[in-house]
Amino acid sequence: MLPGEMSEQQEFRHELEATLAAREEMGEELEPQLVDRFADRIEQEIDRRAKEQAYRQRPRSRDHNAPTIPLALGSLGLAIPLIGAAGGLAGVTGVIVVCIAIVLVNLLWVLGRR
């Protein structure tokens, strides 16, 4: 059991004891209001825990992955004419330079998004 859960249990126990003590002091006339208030508190805590658990179980997706795919596909689309032009004008050296430039642009984009 986690320390936070222990204090929450102690808090609920204290609140339940206070509700029962108030019931004894106030009598049966106010019992429905006390029960309703305590039930509302329990429902709120259940909702909070459910949201917390749903958040923890939610698949982790990084926002920067979505733009990376179009960038990579766009880079490949631009690489074809750039490599053709570089190969025709500068030969193998031009092709290597274009490939290195494309890799650097993609790498810097990914590193810059982190």
Name every donor-acceptor pair, under 3.5 Å, that has one atom in a side chain of residues 79-105 and the other anywhere in the protein, sequence neighbours excluded.
none

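Under the salt bridge (Lys or Arg N to Asp or Glu O under 4.0 Å) criterion, Glu45 pairs with Arg41, Arg48, Arg49, not counting sequence neighbours. Applying the side-chain hydrogen bond (donor to acceptor under 3.5 Å, both in side chains) test to Gln33 and every residue at least two apart in sequence or in another chain returns nothing. Not a single salt bridge (Lys or Arg N to Asp or Glu O under 4.0 Å) links Arg37 to another residue, sequence neighbours left out.
Pairs engaging residues 69-89 under the side-chain hydrogen bond (donor to acceptor under 3.5 Å, both in side chains) rule: Ser75-Asn106 [sequence neighbours left out].
Between the CD atom of Glu17 and the CZ atom of Arg13 there is a distance of 5.5 Å, given to the nearest 0.5 Å.
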